[in-house]
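All remarks here apply to the structure that follows.
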Amino acid sequence: MARENGRRAQPVTAGAADGGWRGWRAAAEAALYGPGGFYRRPEGPAGHFRTSVHASPLFAAAVARLLCRVDEALGRPAELAFVDMAAGRGELVTGVLAALPAGVAARTRAYAVEIAGRPDGLDRRIEWRGEPPERITGLLFANEWLDNVPVDVAEVDSAGVPRLVLVREDGTERLGDPVPAAEAAWLARWWPATGQGLRMEIGLPRDRAWAAAAGTLTRGLAVAVDYAHTAAARPPFGTLTAFREGRETRPVPDGSCDITAHVALDACAAAFPGARLLSQREALHALGLSGARPPLALASTDPAGYVRALADAGAAAELTAPGGLGDFGWLLQPVGIPDVLADAPAG
C-alpha cells in the first residue's frame with residue numbers, strides 16, 4: 001500500500017538550517033524518540049496504528065512456529081534467544097511465549113527491545129532492554145521497526161541536483177544543500193532520480209541499523225518485516241507519512257504523530273549473502289496460515305469449533321491479504337543455519 005505525497009519543497013540557500021530548519025532525519029529522531037517524543041507516550045504504538053501483531057494472535061503463533069524451526073536448525077540449544085525489536089508494549093514477545101510448546105518455552109530467553117519503559121505487569125520471563133543483546137543464538141524479529149528508523153529526504157531541484165529537504169516543527173519544508181557524498185552514493189545505487197520535484201528517502205541509516213541488529217546473532221535467523229519497496233518499483237514522490245489515532249495524516253515532526261516511511265529492504269539485504277525477500281503472504285503460508293475457510297460439514301458436527309475456525313480463517317486472510325498486510329516485505333537473514341523457510345517461494 002503506497003504512501004505517497006506530492007509536496008514540493010522550496011529552494012533555500014546553504015546555511016538555512018538556522019531558524020528551526022533541519023533535515024527530516026534529525027527532526028523525526030527528536031519527534032519520535034526525544035523527551036516527550038511519540039514513542040515515549042503511555043498509550044504506545046497500538047494507540048495510533050494497527051500492526052500484524054495487533055490484528056490477530058495468529059501472527060504471534062506463526063512467529064512461535066518460526067522460532068521452533070530455528071530451534072531445530074540450531075540443534076535445540078540449551079538456551080534459545082527470541083529478540084523482539086521495537087517491542088511496543090511487549091505484545092508480540094508475550095504472544096510468542098504463550099504459543100511455544102512447553103519444552104521450547106523452558107529453554108527460551110526472551111528479550112524485548114524498546115526505547116519506552118517496561119510496561120507494568122509484563123511477564124517476568126521477558127528481559128526489557130534499550131538495545132539488543134550481543135552474541136545471541138536464536139531468532140531476532142523486527143516487526144515494523146525499520147520504517148521508524150528516521151531517514152533524510154531528498155528532492156531533485158530544477159538543475160537535476162538531489163538536495164536535502166529541510167523541515168520545521170510545523171511541517172513546513174524547504175530545500176537545503178546538495179546531498180552529502182555517502183548519501184548521494186546510496187541514492188545513485190538504490191534510488192536514482194533525475195526529474196525535478198521527485199523525492200527519495202535515503203535509506204543508509206536503515207542499512208546500518210539492520211546490519212548492527214543482525215550482527216548480534218552468532219547463529220540463528222534475523223527477520224525484518226515492514227512496509228517495503230524494491231529498486232524496480234520505487235515510488236516517485238517517496239513514502240514519508242504519519243499516523244495519529246488510527247488515521248494517516250500529514251507528517252509534522254512535533255511529537256504528536258508517528259512519522260514513518262517505507263523501507264528499501266533490498267538495500268538492507270544487499271550486504272548479506274544468503275539473505276532473501278518474501279512477501280508476508282508467502283512467509284505466513286509457509287508457516288501454516290492459509291486463510292482457507294473450514295469445511296462446512298464441521299458446522300453440523302462441531303458448531304463451536306466451526307465458528308472458531310471461521311474466525312481464525314478471517315484473521316489469517318487479513319494477515320495475508322493482497323493489497324494489505326500480506327504485501328508487507330519479509331527480509332530473512334540466516335546466520336550459520338539453513339534457510340528455515342525454504343518451502344516458501346522467493347519474493
Side-chain angles (χ1 to χ4, degrees), residues 3-45 47-49 86 115-116 130 145-187 191 193 196-209 227 235-264:
R3 300 173 181 166
E4 296 187 1
N5 66 66
R7 294 180 297 157
R8 179 174 294 182
Q10 297 302 309
V12 65
T13 58
D18 298 333
W21 295 103
R22 51 186 169 173
W24 265 107
R25 182 183 178 193
E29 184 77 33
L32 295 177
Y33 306 116
F38 178 83
Y39 276 100
R40 296 185 184 275
R41 293 168 61 164
E43 70 271 20
H48 295 270
F49 53 87
I115 193 169
W145 168 51
L146 287 173
D147 68 298
N148 287 125
V149 173
V151 293
D152 275 315
V153 177
E155 183 176 313
V156 180
D157 69 11
S158 59
V161 176
R163 292 181 175 271
L164 291 176
V165 175
L166 306 181
V167 63
R168 289 195 302 211
E169 193 172 280
D170 64 0
T172 305
E173 291 184 340
R174 302 185 76 175
L175 290 187
D177 291 333
V179 172
E183 288 78 3
W186 188 94
L187 286 175
W191 200 331
Q196 182 181 3
L198 296 183
R199 291 168 64 105
M200 308 81 72
E201 289 115 24
I202 306 171
L204 186 58
R206 292 170 172 176
D207 296 358
R208 292 169 174 166
Y227 293 102
F237 299 106
T239 61
L240 184 73
T241 191
F243 288 88
R244 182 189 296 116
E245 297 178 353
R247 296 185 178 183
E248 191 167 12
T249 187
R250 175 172 171 258
V252 177
D254 62 358
S256 69
C257 56
D258 176 42
I259 298 171
T260 179
H262 286 90
V263 182

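Just so you know, residue 1 is the first one in the sequence shown, and it goes up from there. Just so you know, these numbers come straight off a predicted model, no measurement behind them.
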Flag side-chain contact, heavy atom, 4.5 Å: L198 against F237: yes
R163 (side chain) donor-acceptor with G176 (main chain) under 3.5 angstrom: yes
Results of ring pair (Phe, Tyr, Trp, His ring centres under 6.0 Å) for W145 - residues two or more places apart only: none
Close side-chain approach of P150 to I259, heavy-atom, < 4.5 Å: no
Within-4.5 Å side-chain heavy-atom neighbours: T260 and T241: yes
R206 side chain vs A264 backbone, donor-acceptor pair below 3.5 Å: no
D254 side-chain N/O to E169 backbone N/O, donor-acceptor pair under 3.5 Å: no
Taking every non-hydrogen atom, the tightest pair across V179 and I202: CG1-CD1, 4.0 Å
Spacing of R199 atom CZ and W24 atom CH2 [to the nearest 0.5 Å]: 8.0 Å
Minimum side-chain heavy-atom gap P178-D157 below 4.5 Å: no
pair D258-Y39: side-chain heavy atoms closer than 4.5 Å: yes
Heavy-atom donor-acceptor pair, E201 side chain to T239 backbone, under 3.5 Å: yes
